Amino acid sequence: MNYKKLVFILLFLLLLPNLADAQCAMCRAVLESEEGMTTAKGINDGIVYLMAIPYILVGVLFYFVYRKMKSSKS
């Protein structure tokens, strides 16, 4: 049961950036004046990916620390 919860949360977090708009007010004002909005979409995706990388790295670090501490208890 715990494994299913973990997979669900992981999938939810991986799909969440597609739902988020992460532009600052100044970037949004400049990019909304464009007709096709393709540049705005690219900028938004870049901001979301740059934001996600530190969280992924910290998560991996905590996973290895947890695994190390769990193996030392046994």
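As the structure is a computational prediction, the values presented were derived from the model and not from experiment.
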Response to the item:
Across all chains, not counting sequence neighbours, the side chain to side chain contact (heavy atoms under 4.5 Å, CB included) partners of Phe64 are Val60, Arg67
Worksheet, complete the sentence: By side chain to side chain contact (heavy atoms under 4.5 Å, CB included), Val58 pairs with (sequence neighbours left out) Phe62
Practice prompt. Check which hydrophobic residues are tied to Tyr66 through side-chain heavy-atom contacts below 4.5 Å, counting indirect links as well, and list them.
Written response: none
Worksheet item: How many angstroms lie between OH in Tyr3 and NZ in Lys5, if you round to the nearest 0.5 Å?
Response: 15.5 Å
Worksheet item: From Leu61 CG over to Ile56 CD1, what is the distance, rounded to the nearest 0.5 angstrom?
Response: 14.0 Å
Worksheet item: Are Tyr63 and Ile9 in one and the same hydrophobic cluster, where Ile, Leu, Val, Met, Phe, Trp and Tyr link if side-chain heavy atoms are under 4.5 Å apart?
Response: no
